[in-house]
Structures are given as C-alpha cells and as structure tokens.
Amino acid sequence: MDKPTHLIEFETMLLGRHLQLSAPRLRRNSQNLDRSAYTLLSRIRMEGPMSIGQLSDAFGLDASTLNRQTAAMLRAGLVERIPDPDGGIARKFRITEEGSHGLDAERSANIRGLEKVMAEWDPEEVAAFATYLKRFNTDIEHLDGRPWPRP
C-alpha cells in the first residue's frame, strides 16, 4: 500500500463490505429495503416519475435488470405504474406513499447508523468527510457521464 490510491481502493472495498454486513445490525427496526430498491426509489424521488428507458439511462443497466427490480418494487407496493404525465407513450414508475415511507425510514436508519459510527468525530471532521465523499462521487459521475441529482 505504497500509494494513497492503493489505500483508497482497499478502504472503499471494506466500506462496501461494512455497509452490507453491519448496516442491519445498526438498523434493527428499519424496513430494510434492498439496495436496488433504496437506490431506485431515491432516484425516482429526486427526478419524479421515470420510465424503464429513463432508469436504464440513469443507471447504465439493461432493461431486463430494471424490469426485475421494478417488478419486485411493484409487488411490494413501493411504486406504481402511471401514464407518462408529459404525454409520452411509455408508462412511468411513481413512488407510492408506502414507498415514500419506506425510503424515509431506511434513510433515517442509515443516518442513525452513520451517527453511531461517527459519534466520536468532531463536527468539522464529519463535514470534511462529507465534502470529500461528495467530490469523489461527483468525479465518478463525471467520468461515467451519469450525474446524480442532488438536493
């Protein structure tokens, strides 16, 4: 690990592992949306109703993958299909009240988990980490050509 990028690669690998393994222990009472539902619902909330084609463009995933993921979300009552509000042909997915509540609960649980992890951090350290993480993500999005909408 003689270069900082080597250490970053290693630490991001561990971060992915920690998020998958420790998150349920940190969030005992959440509804536990799976990661794809959490991500798709977050994007639909930010953008408004989206078609499979729009989701495919946004995530760089093929339509069959998104069809499976959205079908599971439909069965769970997290989204509903609606006619395109702009008059287009494709039907769009809109987050339901249940999906919105589930997303809010999951996000709150994630934030509580992060607050536990960073309980000993100074507020300036938390803010600096947030700034660097945002920059890291936006640089990835820039290279990928798929920017993520932000509040």
Working to the nearest 0.5 angstrom, can you tell me the gap between [X] [atom1] and [Y] [atom2]?
X: N137; Y: D144; atom1: CG; atom2: CG; value: 11.5 Å
X: I95; Y: L41; atom1: CD1; atom2: CG; value: 4.5 Å
X: Q69; Y: D34; atom1: CD; atom2: CG; value: 7.5 Å
X: R135; Y: L133; atom1: CZ; atom2: CG; value: 12.5 Å
X: E98; Y: L103; atom1: CD; atom2: CG; value: 12.5 Å

*Donor-acceptor under 3.5 Å (S56 side chain, L61 main chain)*: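 Answer holds: yes.
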*Mark yes or no for whether R146, through its side chain, and D57, through its backbone, hold a donor-acceptor pair below 3.5 Å.*
yes
Indicate yes or no: at least one non-hydrogen side-chain atom of [X] is less than 4.5 angstrom from one of [Y].
X: S42; Y: R107; answer: yes
X: L7; Y: K3; answer: no
X: Q54; Y: P49; answer: no
X: F93; Y: I44; answer: yes
X: E9; Y: H6; answer: no

*With sequence neighbours excluded, residues passing ring pair (Phe, Tyr, Trp, His ring centres under 6.0 Å) with Y38*: none
Sequence neighbours left out, cut at 3.5 Å: what donor-acceptor pairs do the side chains of residues 119-130 make with other protein atoms?
residue : atom : partner : partner atom : Å
E125    : OE1  : D122    : N            : 2.8

*Transitive ILVMFWY cluster of I8 at side-chain heavy atoms under 4.5 Å: who else is in it?*
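Result for I8 is F136, I140.
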*Do NZ/NE/NH1/NH2 and the carboxylate oxygens of D139 and K134 come within less than 4.0 Å?*
no
_NZ/NE/NH1/NH2 to OD/OE distance under 4.0 Å, E47 and K92_ =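 Answer for the salt bridge query: no.
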*Using the side chain to side chain donor-acceptor pair (under 3.5 Å) rule, take R45 and S100 through it: C-alpha gap first, then chi angles, then the decisive distance, then the call.*
CA-CA 8 Å; R45 177 179 278 170; S100 188; 2.7 Å; yes
*Which heavy-atom pair separates R43 from W148 by the least distance, and what is that distance?*
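Between these two residues, the closest heavy atoms are NH1-CE3, 3.1 Å.
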*Please name the pair of heavy atoms, one in A37 and one in M73, separated by the smallest distance, quoted to 0.1 Å.*
CA-SD, 3.9 Å
Going by atom type alone, with no hydrogens or angles, which donor-acceptor pairs under 3.5 Å involve a side-chain atom of residues 74-88 and a protein atom two or more places apart or on another chain?
residue : atom : partner : partner atom : Å
E80     : OE2  : R94     : NE           : 2.9
E80     : OE2  : R94     : NH2          : 2.8
D84     : OD1  : D86     : N            : 2.8
D84     : OD2  : G88     : N            : 3.2

_I89: partners by side chain to side chain contact (heavy atoms under 4.5 Å, CB included), with sequence neighbours left out_ =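 Partners of I89 by the side chain to side chain contact (heavy atoms under 4.5 Å, CB included) criterion come out as none, since no residue qualifies.
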*asked:* Is there a side chain to side chain donor-acceptor pair (under 3.5 Å) between R150 and T138? Walk through the geometry before answering.
replied: CA-CA 10 Å; R150 287 179 166 73; T138 56; 5.5 Å; no
*Among residues two or more places apart or on two chains, list those pairs meeting side chain to side chain donor-acceptor pair (under 3.5 Å) that have a residue in residues 58-67.*
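Of all non-adjacent pairs touching residues 58-67, those that pass side chain to side chain donor-acceptor pair (under 3.5 Å) are D62-S64, D62-T65, T65-R68.
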